[in-house]
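One structure is given below, represented as structure tokens, and several questions about it will come after.
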Amino acid sequence: MKRKHPVALTIVAVSVLLGGCGGGGGGSPTGAPVTGGTFTMNLGTDPGTINPYKTTGGTNRQIFAFSYDTLVGRMPDGSVAPQLATEWKVAPDEVTYTLRKGVTCEDGTPLTASAVAADFDYVKDPKTLSAWVNLTIPVPYTVTADDAAGTVTVKTKTPFGFLLEGAGSLPIVCPAGLKDPGSIEHASNGTGPYKVTDYVPGDHYTLEARPGYAWGPKGAGNAAAGSPKTVKIAFVQNESTSANQLLSGQVNAAQITGPDRARLDATPTLKKFDVPVMVGEMNLNEAKGRVFADPEVRLAMAAALDRAQVTKVGTSGSGQVADNMMVEKPVSCPGDETTGTLPAFDPAAANQRLDAAGYAKGADGVRAKDGKKLTVNLIYQVGAPQTVSAVELIGQQLMAVGIGTNLKGLTQAAFLEALYTTQDFDAYYSGINLEFPFMMTAYWGGATPDKGGRNTGSIRNEEFDTLSAKALAASGSEGCELWKQAHQALLKRVDVLPISVGNRPFYTAKASLQTVGLFAVPTSLRLYQ
């Protein structure tokens, strides 16, 4: 069936789909628009590389969203919107995109169908080891291009219900960047509205508006009244510092998740944009020799943790206990997945399980088996004080049943290195936020990082894999029911423990923006006097 779409009605960015249509917003300031100004946004710690094909980290994606477009975007209601592609034909195992005319790369090179096809071939090349192949198209595929017609066709070996959206979410890197990946580690070469012009490690990126950019959804550009000429993305780890800079007018936007929200909420000159997120999960490393390779320890850990108390602490009292593995709005498959699936909070049951598994408490209260102490290396990202408090509480609750913890706070770059390079952890406290359920297969199944995958915990759950394979080819309510069962297969074994959901709000000062999913929309940024 052929689906043609007119140019999109609004502007969008989403967490993995880096272009699309406007989502959250809190209104615009009353001052006059500022022409040719600088929009400064604080984003925590320096995430490292911004090469789109080397990373799927949240801060990384927010930065490279300014420089790279995708074939389609996503509307707030979950529907797709034209971006680099203006129309498409979709079948269960094939999608053909027709490219927008007149799109150019930041080096002036026209974007061709062959260039787009080269991106799809690049990410699936085993030598590349790009995580995006699993995130966008989790089944084998081929790609062909017709430059004369301006079309790109992706054909999968098996049916894939989210093929249009999945393939459409790949950030498109221009030929020069693809030829020399090292050149875009801390620079850019895409078709997006802004170009990276400066990088100071650990301090900031500077991006400049590309003259003539006018091929976003609905012809969205970067030269409307109030659109910044320059965007500065600064790395400020301490939330209180960011809050002070917002209040003093030094920065235009920052995400604040901790106790500083109270004073920002009470300031009428600031605008707030709530972004629903999974705040806290216990994601586990089940590789051979690791603590959580033992299923009895995983089940005991889940019974030992009071998720309600950890939620209260980890969200500063503003969140809720997670009941679904996906929370990013709009949730593709809503519903309660955790009730009756996860072990209930029951320290006595946790102790009994560990006793039965042969883990005996020592004089220091930490259990051991075969001479090896039951101690968990738990890593987390620094920056938010409530995260530190939540991790400390987790350590206390685990210790109450004899599971020791080594707690280690890391910058985002070091955190991602631990996950995807060294895999030197037993568990990490964080939240994985994704738009579509099929993306879960990359994190809790499939290839490990050494083979280009995101399965950093070496999860091998046959029931999840079987159900996911069926769900990939399904759509609608049938697909959602299969995805629910697949997610519950993970929860029953405690391959992951969802804890808390909440908001990660953007606050703006003398500025406005729009959000969809996790991120600010680059073409929606506005400055006011």
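From a predicted model like this one, the values you see are computed outputs, not experimental measurements.
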Original post:
Shortest non-hydrogen contact from Val196 to His186?
Top reply: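 Shortest heavy-atom separation between Val196 and His186 comes out as CG1-O, 3.6 Å.
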**OP:** Working to the nearest 0.5 Å, report the span between CD of Gln412 and CD of Glu417.
**Re:**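 CD of Glu417 is found 13.0 Å from CD of Gln412.
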Original post:
Are His487 and Pro437 side-chain neighbours, meaning at least one heavy-atom pair lies under 4.5 Å?
Top reply: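 Yes - at least one pair of side-chain heavy atoms lies under 4.5 Å apart.
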**OP:** Indicate the ring-plane relationship of Phe160 and Phe438, choosing parallel, tilted or perpendicular according to the 30° and 60° boundaries.
**Re:**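 Perpendicular, since the angle between the ring planes exceeds 60°.
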Subject >> Glu87 side chain vs Thr98 backbone, donor-acceptor pair below 3.5 Å >> reply: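 A pair under 3.5 Å: no.
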Original post:
Quick one: does Met325's side chain get under 4.5 Å of Leu490's, heavy atoms only?
Top reply: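 Yes; the side chains approach each other to less than 4.5 Å.
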**OP:** Flag the pair Leu434 / Leu135 as yes when at least one side-chain heavy-atom distance between them is below 4.5 Å, and no otherwise.
**Re:**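 Yes, their side chains come closer than 4.5 Å.
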Original post:
Would you call Asp495-Arg460 a salt bridge at under 4.0 Å N-O?
Top reply: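 No, this pair does not count.
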Subject >> Aromatic ring pairing Phe64/Tyr68, orientation class (parallel under 30°, perpendicular over 60°, tilted between) >> reply: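 The arrangement is perpendicular - the two ring planes meet at more than 60°.
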Subject >> For Tyr53, the option from Trp132, Tyr122, Phe120 that meets ring pair (Phe, Tyr, Trp, His ring centres under 6.0 Å) >> reply: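 The passing option is Tyr122.
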Subject >> Distance in Å, Asn134 CG paired with Met440 CE, rounded so as to fall on 0.5 Å steps >> reply: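 Reported value, rounded in 0.5 Å steps: 15.0 Å.
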Original post:
Taking NZ, NE, NH1 and NH2 as the nitrogens, is one of them in Arg298 or Glu286 under 4.0 Å from a carboxylate oxygen of the other?
Top reply: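 Salt bridge: yes.
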Original post:
Would a 4.5 Å heavy-atom cut-off, applied to side chains only, mark Trp88 and Leu71 as touching?
Top reply: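 Side chain of Trp88 against side chain of Leu71, heavy atoms only: no contact under 4.5 Å found.
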Subject >> Close side-chain approach of Leu305 to Ile394, heavy-atom, < 4.5 Å >> reply: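 Answer yes - side chains close enough.
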Subject >> Donor-acceptor pair, side chain of Asn455 and main chain of Gly446, under 3.5 angstrom >> reply: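 Pair found, side chain donor or acceptor close to backbone of Gly446.
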Original post:
Hey, are the side chains of Leu491 and Val496 touching, using non-hydrogen atoms and a 4.5 Å cut-off?
Top reply: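 In contact.
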Subject >> Lys408, NZ atom: more than 12 neighbouring heavy atoms under 6.0 Å >> reply: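 12 or below, so no.
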Original post:
Do the side chain of Asp119 and the main chain of Val173 share a donor and acceptor less than 3.5 angstrom apart?
Top reply: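 Yes: the side chain of Asp119 pairs with the backbone of Val173.
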Original post:
Once you round to the nearest 0.5 Å, how far does OG of Ser227 lie from CZ of Phe39?
Top reply: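 Reported to 0.5 Å precision, the distance equals 10.5 Å.
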Original post:
Between Gln488 (side chain) and Thr341 (backbone), is there a donor-acceptor pair under 3.5 Å?
Top reply: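 No: the side chain of Gln488 does not pair with the backbone of Thr341.
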Original post:
Does the pair Thr49 and Glu185 meet the rule for a side chain to side chain donor-acceptor pair (under 3.5 Å), with working shown?
Top reply: CA-CA 5 Å; Thr49 180; Glu185 286 288 302; 3.2 Å; yes
Original post:
Which heavy atom of Tyr429 sits nearest a heavy atom of Gly314, and at what distance?
Top reply: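 Heavy-atom minimum between the residues: OH-CA, 4.2 Å.
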**OP:** Check for a donor-acceptor pair, side chain of Ser188 on one end and backbone N or O of Gly190 on the other, with a separation under 3.5 Å.
**Re:**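 Such a contact is absent between Ser188 side chain and Gly190 backbone.
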Subject >> From CG (Asp69) to CZ (Arg100), nearest 0.5 Å >> reply: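 One finds 9.0 Å between CG of Asp69 and CZ of Arg100.
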**OP:** Look at the side chain of Glu94 and the backbone N and O of Thr153, then say whether any donor-acceptor pair between them is shorter than 3.5 Å.
**Re:**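 The answer is no, because no donor-acceptor pair under 3.5 Å joins these two groups.
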Subject >> Distance-minimising heavy-atom pair for Asp121 and Val143 >> reply: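 Residues Asp121 and Val143, closest heavy atoms: OD1-CG1, 3.2 Å.
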Subject >> Neighbour count above 12 (heavy atom, 6.0 Å) for Lys195 NZ >> reply: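 Not buried by this count: 12 neighbours or fewer within 6.0 Å.
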Original post:
Any donor-acceptor pair under 3.5 Å linking the side chain of Arg307 with the backbone of Ser500?
Top reply: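 Not a single qualifying donor-acceptor pair exists.
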**OP:** Please examine the side chains of Tyr97 and Leu84, heavy atoms only from C-beta on, and report whether any two atoms are closer than 4.5 Å.
**Re:**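 The answer is no; the side chains never approach within 4.5 Å.
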Subject >> Arg210 and its side-chain hydrogen bond (donor to acceptor under 3.5 Å, both in side chains) partner, picked from Thr191, Thr104, Asn222 >> reply: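 By the side-chain hydrogen bond (donor to acceptor under 3.5 Å, both in side chains) criterion, Arg210 pairs with just one of Thr191, Thr104, Asn222: Thr104.
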Subject >> Under 3.5 Å: donor-acceptor pair, side chain of Ser169, backbone of Gly166 >> reply: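 Yes: the side chain of Ser169 pairs with the backbone of Gly166.
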Subject >> Verdict with reasoning, Trp444 to Ile432, per side-chain contact (heavy atoms from CB on, under 4.5 Å) >> reply: CA-CA 11 Å; Trp444 290 288; Ile432 294 179; 3.7 Å; yes
**OP:** For the pair Tyr428 and Phe415, name the ring-plane relationship: parallel under 30°, tilted 30 to 60°, perpendicular over 60°.
**Re:**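 The rings of Tyr428 and Phe415 stand perpendicular, inter-plane angle above 60°.
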Original post:
Among all residues two or more places apart in sequence or in another chain, which pass the ring pair (Phe, Tyr, Trp, His ring centres under 6.0 Å) test with Phe464?
Top reply: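 Once residues adjacent in sequence are excluded, Phe464 has no partner under the ring pair (Phe, Tyr, Trp, His ring centres under 6.0 Å) criterion.
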Subject >> Heavy-atom donor-acceptor pair, Thr456 side chain to Leu419 backbone, under 3.5 Å >> reply: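 Yes; at least one donor-acceptor contact below 3.5 Å.
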Subject >> Aromatic ring proximity, centroids under 6.0 angstrom, Tyr194 and Phe66 >> reply: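 Ring-ring flag for Phe66/Tyr194: true, centres closer than 6.0 Å.
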Subject >> side-chain contact (heavy atoms from CB on, under 4.5 Å) between Val279 and Arg504, worked out >> reply: CA-CA 8 Å; Val279 175; Arg504 185 188 298 158; over 6 Å; no
Original post:
Asn285 and Gln423: which non-hydrogen atoms are nearest, and at how many Å?
Top reply: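 Looking at all heavy atoms of both residues, the closest pair is ND2-O, 3.3 Å.
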Original post:
Which heavy atom in Leu299 sits nearest to a heavy atom in Lys492, and how many Å separate them?
Top reply: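 Closest heavy-atom pair between Leu299 and Lys492: CD2-O, 3.6 Å.
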Original post:
Can you list the steps and then say if Val291 with Met301 is a side-chain contact (heavy atoms from CB on, under 4.5 Å)?
Top reply: CA-CA 11 Å; Val291 171; Met301 177 273 295; over 6 Å; no
**OP:** Would you check if Asn503 and Thr315 make a side-chain contact, meaning some heavy-atom pair closer than 4.5 Å?
**Re:**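 Answer no - side chains too far apart.
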Original post:
NZ of Lys101 to CH2 of Trp215: how many Å apart, nearest 0.5 Å?
Top reply: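 The CH2 atom of Trp215 is 15.0 Å from NZ of Lys101, to the nearest 0.5 Å.
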Subject >> Verdict with reasoning, Val139 to Ile137, per side-chain contact (heavy atoms from CB on, under 4.5 Å) >> reply: CA-CA 6 Å; Val139 293; Ile137 313 176; 4.0 Å; yes
Original post:
Rounded to the nearest 0.5 Å, how far does CG of Asn51 lie from CG of Asn189?
Top reply: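 Rounded to the nearest 0.5 Å, the CG-CG separation comes to 11.0 Å.
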Original post:
Between the side chain of Asn433 and the main-chain N/O of Met278, is any donor-acceptor distance below 3.5 Å?
Top reply: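 Between the backbone of Met278 and the side chain of Asn433 there is a qualifying donor-acceptor contact (under 3.5 Å).
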**OP:** Identify the heavy atoms of Ile50 and Ala187 that sit nearest to each other, and give their distance.
**Re:**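 For Ile50 and Ala187, the tightest heavy-atom pair comes out as CD1-O, 3.6 Å.
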